[in-house]
Amino acid sequence: MQNADFSRNLLQWYQHHKREMPWRGELDPYKIWVSEIMLQQTRVDQATPYFQNFISLFPTVYDLADADQQQVLKAWEGLGYYSRARNLHTAAKTVVEEYNGKVPESYDEIIKLKGIGPYTAAAVTSIAFNAPNAVVDGNVIRVLCRYFGIEDDTRSSKTSRMIQEEADELIDPEHPGDFNQALMELGSEVCTPTNPDCENCPVQAGCIATKMSKTEVIPYKSPAKKKPHHIIGVGIVENEEGQVLIALRPEEAMLGGLWEFPGGKQKEDETISETVERELHEELGVEVKAYKELMSLKHAYSHFSITMHAWFCKLVNGTPSPKESQEIKWVKTEELERYPFPKANKVLTERLINDKN
DNA sequence: AATGCGGGGCT
DNA sequence: AGCCCAGCATT
């Protein structure tokens, strides 16, 4: 199948099957940019409500550049990969300060911005500026590996380069934005990881994996490393005014800029209440008594999983001061909603708020 | 080239 | 329980 036929078939299919998305048809490169950052490693359905809310809070790149990081992280709360939000915020300031508020139009310029890599640079320039740069995301990797019969390990960077070259060769220079989106949509809706709907694929005629009955083994991805599991103990420290103590995670740490209940990993030969008491001594320089468990929960992060035990604590001796965290704060239960928390801690705040009522 | 970085939905 | 998702930054 020639490139022109591939593109014609693909774009015709796309015209009839494309899903509605709030950023589709959007001409403002800032909004395209925001959508693409949110869509990194994130499904359309999960990102959509966040996009609506984010744009209503920060309608222009100036609004975003002027915002506090805490506002930006609050808007990102629950979406994950929070470095995306911090980098997007940084990049918005760069665009305002160094590009006069205009998103740079060239691939080589836009990729210099924090949080914009090869995928996002190609996506924004092709969709917003009609530049013939091919995107390679998880969908495109799957579609092109099958179409060209590439059986190499998709985890290796050599394979990524090969797929990028194929995509650059294949892209329709007349309709780069639609071509890119159509290829991703095809991967999402037809050329799915399991049980691809090959009978309804617009480019099935040229697909090697279909011809060889290898759609179930292509793309090949080498096995992932097993994730470790940790037991975590955290303390809910209350004072006489009914406030609880929360801590701000350091900027450079995982979940940087988000708030949490202080705590840490259980050690061998230690009960979980002892863990809480030891961790709070190390992190806040105080002596506490962990006297009652609030709840426990399981949570999976990107590279490890935890079982978290949350214990109510009484302050026995000392005044809390931030040691490992950037800042600490006493807040009323109903004020917890103002602060950005990662998921596992968010569950705890909701439990505290509900128990109060 | 390899690793760290969230959370949710599907299998 | 594991896999995947409109990946990027850092080492």
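These values consider heavy atoms only, across backbone and side chains, with no hydrogens, waters or symmetry-generated copies. Order of the sequence lines sets the chain letters (A, B, ...), proteins ahead of strands, with each chain counted from 1.
Remark: the backbone N or O of A/K114 is not paired with any side-chain donor or acceptor of A/N87 at under 3.5 angstrom. Between the side chain of A/E166 and the backbone N or O of A/C145 there is no donor-acceptor pair closer than 3.5 Å.
Under the 4.5 Å side-chain criterion, counting only non-hydrogen atoms from C-beta, A/F58 is not in contact with A/L88. Proximity of A/H89 to A/K93: side-chain heavy atoms (C-beta onward) are separated by under 4.5 Å at one or more points.
We find that CZ of A/F179 is positioned 15 Å from C1' of C/dA6, with the value rounded to whole Å. Remark: C1' of C/dG7 and CD1 of A/I163 are 14 Å apart, rounded to the nearest angstrom. Between the CH2 atom of A/W76 and the P atom of B/dG7 there is a distance of 13 Å, given to the nearest Å. A/L39 has its CG atom 15 Å from the C1' atom of B/dG6, to the nearest Å. Rounding to whole angstrom units, OH of residue A/Y81 and C1' of B/dT3 are separated by 11 Å. Distance A/E189 CD to C/dC5 P: 13 Å, rounded to the nearest Å. In this structure, A/Q40 atom CD and C/dA6 atom P are separated by 12 Å, rounded to whole Å.
Judged as a salt bridge (Lys or Arg N to Asp or Glu O under 4.0 Å), not a single pair has a partner in residues 297-325 of chain A (not counting sequence neighbours).
Of the side-chain N and O atoms in A/H299, one or more sit less than 4.0 angstrom from OP1 or OP2 of B/dG7. OP1 or OP2 of C/dC8 has at least one side-chain nitrogen or oxygen of A/T120 nearer than 4.0 Å. For B/dG7, the OP1/OP2 oxygens have a side-chain nitrogen or oxygen of A/Y82 closer than 4.0 Å. The side chain of A/R155 contributes no N or O atom lying less than 4.0 Å from OP1 or OP2 of B/dT3. In this model, the phosphate group of C/dC5 is not approached by any side-chain N or O of A/Q41 to a distance below 4.0 Å at OP1 or OP2.
Residues A/F261 and A/L245 fall into different hydrophobic clusters, defined by Ile, Leu, Val, Met, Phe, Trp and Tyr side chains chained together at heavy-atom separations under 4.5 Å. Under a hydrophobic clustering in which Ile, Leu, Val, Met, Phe, Trp and Tyr are joined whenever their side-chain heavy atoms come within less than 4.5 Å, directly or via other members, A/L294 and A/V347 fall into the same cluster.
A/G78 comes within contact range of the sugar-phosphate backbone alone, with a heavy-atom separation under 4.0 Å but no base atom that close. Counting any heavy atom pair closer than 4.0 Å across all strands shown, A/M254 reaches sugar-phosphate atoms only and no base atom. Looking at heavy-atom distances under 4.0 Å, A/R86 makes no contact with the nucleic acid at all. Within the nucleic acid shown, A/G117 comes within 4.0 Å of sugar-phosphate atoms alone, with no base atom in reach, counting heavy atoms only. Within 4.0 Å (heavy atoms only), A/L79 reaches at least one base atom of the nucleic acid.
A donor-acceptor contact under 3.5 Å links the side chain of A/R43 to the base of C/dC4. At a cut-off of 3.5 angstrom, the base of B/dG7 holds no donor-acceptor pair with the side chain of A/T42. Judged by atom type and distance alone, A/Y119 does not reach the base of C/dG7 through any side-chain donor-acceptor pair under 3.5 Å.
Taking the six-membered ring for Trp and the full ring otherwise, the centers of A/H299 and A/Y301 sit less than 6.0 Å from each other. Residues A/Y339 and A/W259 place their aromatic rings such that the two centres sit under 6.0 Å apart.
Listed by residue number, A/K221 are the residues of residues 212-234 of chain A with a heavy-atom contact under 4.0 Å to DNA chain C. Of the residues in residues 45-60 of chain A, none has a non-hydrogen atom less than 4.0 angstrom from any atom of DNA chain C.
The side chain of A/P118 sits closest to C/dC8 out of B/dG6, C/dC8, C/dA6.
Ranked by how close their nearest DNA chain C nucleotide is to the 5' end, A/N87 and A/R19 are led by A/R19.
The CD1 atom of A/I171 lies 6.0 Å from the OG atom of A/S126; values are rounded to the nearest 0.5 Å.
Considering every non-hydrogen atom in both A/T154 and A/S160, the closest pair reads O-OG, 4.2 Å.
Taking atom P in both C/dA6 and B/dG4, the straight-line distance is 24 Å, to the nearest Å.
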